[in-house]
*Asks:* 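My questions will all concern the structure given below.
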There are 2 protein chains.
Amino acid sequence: MENHTSDLIKRTTPDIETLYDLSELFKVFGDTTRIRIIAALLDGEMCVYHLAEYLEMGQSAISHQLRILRSAGLVRPRREGKTIFYSLDDEHIEMIYNMGLAHICHKKGEVK
Amino acid sequence: MENHTSDLIKRTTPDIETLYDLSELFKVFGDTTRIRIIAALLDGEMCVYHLAEYLEMGQSAISHQLRILRSAGLVRPRREGKTIFYSLDDEHIEMIYNMGLAHICHKKGEVK
DNA sequence: CCAATATATGAACAACTGTTCATATATTGA
DNA sequence: TCAATATATGAACAGTTGTTCATATATTGG
């Protein structure tokens, strides 16, 4: 009972490239604007204009960040006329987001 | 059945400060060196010297990154003589790590 | 085709980040 | 106390990042 890890679970340390990819994934979550976009899209798809309006930021800034989110496979565009609606790509993203949020809240509560 | 979100779950969008904290948390995960340190510590605690050796990096670089991980509350130091052993602070970290890894693998598998 | 609208993109720039090098601090054994 | 060892820290520097501004592309209605 000395070690805190759950010894029963067999886990292999991923190779260095996978860990690089992993850090790249978290890097995408690691920006205020992008996490705010993700948080907004949790409520459903939204177009660029409304995102910019909602986050009170320039359209260009949002577009740039959406491109990063798109390249990372976190959001997906859907065209409808002139408007492009963005939505989260899959539920994994919400899970990662929720995990992080749980950690934040957990830490907040544990401050003595 | 039009919307992809699970409508049953009541979710409030966190305030802007919380989202900032969240992005700060993910930022810590979003660096190769730091994620490699985290991955290494999943196998149990390790001292600075061995971490540097294992990651084939300078002791100073590791110390600097450990400081960031420490400030973020992700790792915890334990002194034993001259040596300082670092370990992950709680299981939340492993969960976030595993979530990210699952997403990576999921994405890899879905490439057509 | 043309003007209006929605979004994307490239260049520029300031701010930030991670590593290295040199040095400081802390602990131990003699 | 002194030398040896382990870790931490500050300054400097190159590389990266996010925003803004100007402009390009794409779509639609007339």
Side-chain angles (χ1 to χ4, degrees), chain A residues 16 19-41 44-89, chain B residues 16 19-41 44-89:
Chain A
I16 197 163
L19 288 176
Y20 176 78
D21 292 345
L22 191 51
S23 73
E24 288 298 302
L25 173 68
F26 285 127
K27 205 170 282 181
V28 179
F29 284 82
D31 173 79
T32 316
T33 303
R34 287 193 295 266
I35 206 87
R36 288 179 73 205
I37 291 176
I38 291 171
L41 296 183
E45 65 175 15
M46 210 181 284
C47 73
V48 181
Y49 183 81
H50 283 136
L51 273 170
E53 192 181 56
Y54 179 58
L55 303 187
E56 300 181 89
M57 291 184 66
Q59 172 265 318
S60 180
I62 301 297
S63 261
H64 277 298
Q65 297 307 335
L66 281 171
R67 193 164 70 85
I68 293 171
L69 289 164
R70 205 171 351 106
S71 316
L74 299 196
V75 303
R76 199 181 1 181
R78 179 180 70 83
R79 171 151 247 152
E80 198 178 303
K82 292 174 225 169
T83 310
I84 297 181
F85 292 95
Y86 280 90
S87 56
L88 296 182
D89 193 72
Chain B
I16 196 163
L19 289 176
Y20 176 77
D21 292 344
L22 190 51
S23 73
E24 287 299 303
L25 173 67
F26 285 127
K27 205 171 281 181
V28 179
F29 284 83
D31 172 79
T32 317
T33 303
R34 288 193 294 268
I35 206 86
R36 289 180 72 204
I37 292 176
I38 291 171
L41 296 184
E45 64 175 16
M46 210 181 284
C47 73
V48 180
Y49 183 81
H50 282 136
L51 273 171
E53 191 181 57
Y54 178 58
L55 303 188
E56 301 181 88
M57 291 183 66
Q59 172 265 319
S60 180
I62 300 297
S63 261
H64 277 298
Q65 297 306 336
L66 282 171
R67 192 164 72 83
I68 293 171
L69 288 163
R70 204 169 356 103
S71 315
L74 299 196
V75 303
R76 198 182 3 183
R78 178 179 71 83
R79 170 151 247 152
E80 198 178 303
K82 292 174 226 169
T83 309
I84 297 182
F85 292 94
Y86 280 91
S87 57
L88 296 181
D89 193 72

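Lettering follows sequence order; numbering is per chain, from 1.
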*Asks:* Rounded to whole angstrom units, what separation is found between the CZ atom of B:Phe85 and the P atom of D:dA8?
*Replies:*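 Taking atom P of D:dA8 as the reference, CZ of B:Phe85 is at 12 Å.
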*Asks:* How many whole angstroms separate atom OH of A:Tyr20 from atom C1' of C:dG18?
*Replies:*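 Whole-Å distance recorded here is 13 Å.
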*Asks:* Between C:dA8, D:dT19, D:dA8, which one does the side chain of B:Val48 approach most closely?
*Replies:*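 It is D:dA8.
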*Asks:* If only atom types and distance count, is the side chain of A:Arg70 paired as donor or acceptor with the main-chain N or O of A:Arg76 below 3.5 Å?
*Replies:*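 The answer is no, because no donor-acceptor pair under 3.5 Å joins these two groups.
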*Asks:* What integer distance in Å separates A:Leu55:CG from D:dT19:C1'?
*Replies:*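 Going from CG in A:Leu55 over to C1' in D:dT19 covers 14 Å.
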*Asks:* Kindly give the atom pairs (protein nitrogen or oxygen, nucleotide nitrogen or oxygen) under 3.5 Å for nucleotides 25-28 of chain C.
*Replies:*
none

*Asks:* Hey, what are the protein-to-nucleotides 21-24 of chain C N/O distances that come in under 3.5 Å?
*Replies:*
unit_1	atom_1	unit_2	atom_2	d
C:dC21	N4	B:Ser60	OG	2.6

*Asks:* Sorted by first residue and then second, give each salt bridge (Lys or Arg N to Asp or Glu O under 4.0 Å) pair with at least one member in residues 25-39 of chain A; sequence neighbours left out.
*Replies:*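 Residue pairs with at least one partner in residues 25-39 of chain A: A:Glu24-A:Lys27.
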*Asks:* Test side chain to side chain contact (heavy atoms under 4.5 Å, CB included) on B:Val75 and B:Leu88 and set out the steps.
*Replies:* CA-CA 4 Å; B:Val75 303; B:Leu88 296 181; 4.2 Å; yes
*Asks:* Can you see if the side chain of B:Arg34 gets near the phosphate of C:dG18 - specifically, an N or O under 4.0 Å from OP1 or OP2?
*Replies:*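 It does, given that an N or O in the side chain of B:Arg34 lies less than 4.0 Å from OP1 or OP2 of C:dG18.
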*Asks:* C:dT19 phosphate, OP1 or OP2: any side-chain N/O from B:Gln65 under 4.0 angstrom?
*Replies:*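 The answer is yes; a side-chain N or O of B:Gln65 sits under 4.0 Å from OP1 or OP2.
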*Asks:* For D:dT1, give its Watson-Crick or G-U wobble partner with both distances under 3.5 Å, or none.
*Replies:*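 Per the H-bond distance test, C:dA30.
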*Asks:* Parallel, tilted or perpendicular: which one describes the rings of B:Phe29 and A:Phe26, with boundaries at 30° and 60°?
*Replies:*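 B:Phe29 and A:Phe26: tilted rings.
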*Asks:* Watson-Crick or G-U wobble partner for C:dT23, using a 3.5 Å limit on both distances?
*Replies:*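 Partner of C:dT23: D:dA8.
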*Asks:* Just checking B:Thr83: base, sugar-phosphate only, or nothing, at a heavy-atom cut-off of under 4.0 Å?
*Replies:*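 Sugar-phosphate, backbone atoms only, no base.
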*Asks:* Atom CD of A:Glu24 to atom P of C:dG18: distance rounded to whole Å?
*Replies:*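 Those two atoms, CD and P, are 12 Å apart.
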*Asks:* NA contact type, A:Tyr86, heavy-atom cut-off 4.0 Å: base, sugar-phosphate, or nothing?
*Replies:*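 Sugar-phosphate contact only.
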*Asks:* Ignoring hydrogens and angles, tell me if any N or O in the side chain of A:Arg79 forms a donor-acceptor pair with the backbone of A:Gly81 under 3.5 Å.
*Replies:*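 Yes, A:Arg79 side chain to A:Gly81 backbone: donor-acceptor pair under 3.5 Å.
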*Asks:* Just how far, in rounded Å, is P of C:dT5 from NE2 of A:His50?
*Replies:*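 So the two atoms are 15 Å apart, to the nearest Å.
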